[in-house]
Number of protein chains: 4
Amino acid sequence: MSVTAQDARQFVTPQETPKVVTAPRAGKKYAVELIGTFFLVFTVGASVYSGSPLAPLAIGSSLMVMVYAGGHVSGGHYNPAVTMAALVRGRIGTRDAVGYWITQLAAGALAAGVVRGVVTPAAAVKTVAPAGHALMAAVVVEMLFTFALCYVVLNVATSKDHPNNSFYGLAIGFTVMTGAFAVGGISGGAFNPAVAFGGAVMRVFAWQTLWVYLLAELVAAAVAGFTFRALNPDDK
Amino acid sequence: MSVTAQDARQFVTPQETPKVVTAPRAGKKYAVELIGTFFLVFTVGASVYSGSPLAPLAIGSSLMVMVYAGGHVSGGHYNPAVTMAALVRGRIGTRDAVGYWITQLAAGALAAGVVRGVVTPAAAVKTVAPAGHALMAAVVVEMLFTFALCYVVLNVATSKDHPNNSFYGLAIGFTVMTGAFAVGGISGGAFNPAVAFGGAVMRVFAWQTLWVYLLAELVAAAVAGFTFRALNPDDK
Amino acid sequence: MSVTAQDARQFVTPQETPKVVTAPRAGKKYAVELIGTFFLVFTVGASVYSGSPLAPLAIGSSLMVMVYAGGHVSGGHYNPAVTMAALVRGRIGTRDAVGYWITQLAAGALAAGVVRGVVTPAAAVKTVAPAGHALMAAVVVEMLFTFALCYVVLNVATSKDHPNNSFYGLAIGFTVMTGAFAVGGISGGAFNPAVAFGGAVMRVFAWQTLWVYLLAELVAAAVAGFTFRALNPDDK
Amino acid sequence: MSVTAQDARQFVTPQETPKVVTAPRAGKKYAVELIGTFFLVFTVGASVYSGSPLAPLAIGSSLMVMVYAGGHVSGGHYNPAVTMAALVRGRIGTRDAVGYWITQLAAGALAAGVVRGVVTPAAAVKTVAPAGHALMAAVVVEMLFTFALCYVVLNVATSKDHPNNSFYGLAIGFTVMTGAFAVGGISGGAFNPAVAFGGAVMRVFAWQTLWVYLLAELVAAAVAGFTFRALNPDDK
């Protein structure tokens, strides 16, 4: 039997699962989102607490490996902004999107709690708390790289033009790595409401600016979703 | 249905789109070049301004992810030198090439403007302004790595011998990363007129030597195009 | 002839070799496990002795390249915990698992001996010897990342949903790299009884806590195996 | 038309070109070896002269991208030791092997000359000139990682069990990166007679120990070739 386009579609474009799923199948998707988001946020916390200048490589790679491990099941979002982009693009239903958001935020909080329990910061934790012009700059770069991340995700993992590729996890994970190296010093480099929320629990991000981050990320994600639709009118 | 060679061709060798395209299709290509070049040059500026010794990893990875996200649409050039090589190799027409050049330079300038507006340099920006023997050295290394980049692009993304591969973005992006690590201290490591131009706007490159960089890069790109044709006479 | 699903299965899911194998075939698998584990543990020792902050990148990459080189023969475990997870998941028989464990531990000890013979530490070797709360933290992070590693291995290299992928080695190797960057400062970042044992020989890990590491890693591996089975009841 | 095993073979196992080739085809192979080896040795020199601790990443990546760009034409050896392993394994004839060796050494010398002409060392060049026990250690680690490199090459790029994979360049390039990080401080991390020879021209390696390196590397490569044959008796 040949590897058929049908098979390839199933494997590369995991969001294409039917909207109405049976309970066990839905449970599996949520479990995968929980595990993936947990390890992403745990890696953010542990590597930032360690003070390593290579934290962005670890963070981007944790996302990459979890996308490869679970993307074929749940879509490998691990990020409420990516779920928003998939919702706008029509690859996930509203009910599942809400379920994903709750799961991702819970996983982020859980990971943050474990980090606080077991990881001793190498130095005093510096809380990212921009204000004034610095907050404006943080909003711009969070929007830019959240847009880039969702744009990459929609193109490498949900486009009908890329069946059966092996690079989707590398592209997705290294977009976050790139952003964290490039603008981590400006905004902290979240690009992900679950990371921002977990980061607030870990005192890496300030609570008072959290809503600004969440809003900026979700808006940028929606823009990425509409951009994909505008550029690919035939790819439903 | 099997994954056919025809399908594979469409996906891996994006330059093979017909020369005469309908307006919406052409608009999509330009939009993808605009987005990709913007994020490449933005990453160059933000990571160089950050002073990180890992800037080359971020820069090469930004190119990689944008090639994976948009290469199947526009060819993923994001670089006037690559467009020159594709023109010599016969994978893009003159009219589209000119359109790509304008788009890429505009995206580079736009990204540079955003960098200047939102990124505060970690230290005083050091402008690369070689003269005398240092300028000669800069020209040599810019030519060598621009040649290498175009040679890699033509071989991994346009050769008929590599259908359906998943490595083209990794190979292309990491060629730039390699060059930036190896010779960034000599020439600044542009290998790309849009980066050189945007870099001048960001005061990373000196304006007075800009034309030397552009000329060196475009000549090296053309040499790579002719080299590909000489080595692959049967691959039109 | 098309690349058939049968071919793809053989190549991507190497654990699927028949349980009853002829002697030469069995010998080949053990030789591959010996070579791969040797180079993994040798790289751990040499790069830790060198004092490089990039040791995690070298270690994760050594695993990646050995998985790509030998995974299709032996499964590319190079790690008794991964063998445990494959046993629980039903991809290796008990007799082979015991043979793998002996081979992996012997290779780890051999590599450690060579490191001690030829590598002069750049600085006094710091032995990881946690106690009290620090030991509890080390156990937690060793369990978390050994679980993550086995979860990734089972999903990318043994799932029936991922035939013919090219990313399995990258995903597996970079899971270890991520863990080593994120929690190397807490537990030493073994996630592998052969590394822990070889590390004890090299004085990187303390002998008195070795059994704690081995137990934590094997338990986490078994949990990953049961998790895979629970989430994939139809994938025998 | 399906992607056939025949097509896949051509692309992934480039060594399988017929032994008797027409003159233009042979010229193409030598040109590709010349270009690839030139950029590998140039990157070694430029990044070592730059003093960057990330030189191993640049060096391994330069090999990776050149393998992806030219491996389907020449086999992408760029290394007399790999050519030796391919000769023992039966994938290249003696006449071509001699031609490759001359080409590779010439390319290494040429690259070294360009480095000396255009790259100013960031600090006084430290020549690796081990003696006594340190020389013994250097021989051991050069043999170990040259063996690993050839073992990886033969398994990922010439095995009949890995048709149509996209990871061969990543595996090959990152084996060298791993070795350079792990044992670069012991032997300089050549694993390649063309690098050792070019390195001597660039005063990175001492001339008086060059023959020891060459001998150790070629012996290790031959051992890797015989190992592959012993483990894969059916893969001619």
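To find a chain, count down the sequence lines: A is the first, B the second, and so on, and within it residues start at 1.
- Only the side chain of B/I35 comes within less than 4.5 Å of a heavy atom in chain A; its backbone stays farther off.
- Looking at A/L144, both its backbone and its side chain come within 4.5 Å of chain B, counting heavy atoms on both sides.
- Neither the backbone nor the side chain of B/V48 comes within contact range of chain A, judged by heavy atoms closer than 4.5 Å.
- Between A/H162 and B/Y68, the ring centre distance reaches or exceeds 6.0 Å.
- Summarising the geometry, atom CE belonging to B/M66 is positioned 8.5 Å from atom OG1 belonging to A/T178; distances are rounded to the nearest 0.5 Å.
- Between B/D96 and B/R91, no side-chain nitrogen of the basic residue sits less than 4.0 Å from a carboxylate oxygen of the acidic one, so the salt-bridge criterion is not met.
- For a residue to count as touching a neighbouring chain, one of its non-hydrogen atoms must lie under 4.5 Å from one of that chain's; by this rule A/V140 touches chain B with the side chain only.
- Looking at B/T146 and B/E217, their side chains never bring a donor and an acceptor atom within 3.5 Å of each other.
- B/P56 and B/A180 make their closest contact through CB-CB, 3.6 Å (heavy atoms, listed as atom of the first residue, atom of the second, distance).
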Using side-chain contact (heavy atoms from CB on, under 4.5 Å), reason through A/I92 and A/H77 one step at a time and then give a plain yes or no.
CA-CA 11 Å; A/I92 191 172; A/H77 299 181; 4.2 Å; yes
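- With chain B as the partner, the residue from A/A148, A/A134, A/P233 showing the most heavy-atom pairs under 4.5 Å is A/A148.
- Heavy-atom distances place the side chain of B/F42, and not its backbone, under 4.5 Å from chain A.
- Only the side chain of B/F39 comes within contact range of chain A, with at least one heavy atom under 4.5 Å from a heavy atom of that chain.
- Among all heavy-atom pairs drawn from B/P53 and B/F181, the shortest one is O-CE2, 3.7 Å.
- With a threshold of 4.5 angstrom between heavy atoms, A/I186 approaches chain B through side-chain atoms but not through N, CA, C or O.
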Apply side chain to side chain donor-acceptor pair (under 3.5 Å) to residues B/T37 and B/Q104 and explain how you reach the verdict.
CA-CA 6 Å; B/T37 310; B/Q104 291 155 353; 5.2 Å; no
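- Heavy atoms closer than 4.5 Å to chain A are found in both the backbone and the side chain of B/V119.
- For a residue to count as touching a neighbouring chain, one of its non-hydrogen atoms must lie under 4.5 Å from one of that chain's; by this rule B/S61 touches chain A with backbone and side chain alike.
- When A/L170, A/V183, A/V141 are compared by the number of non-hydrogen pairs under 4.5 Å with chain B, A/L170 comes out ahead.
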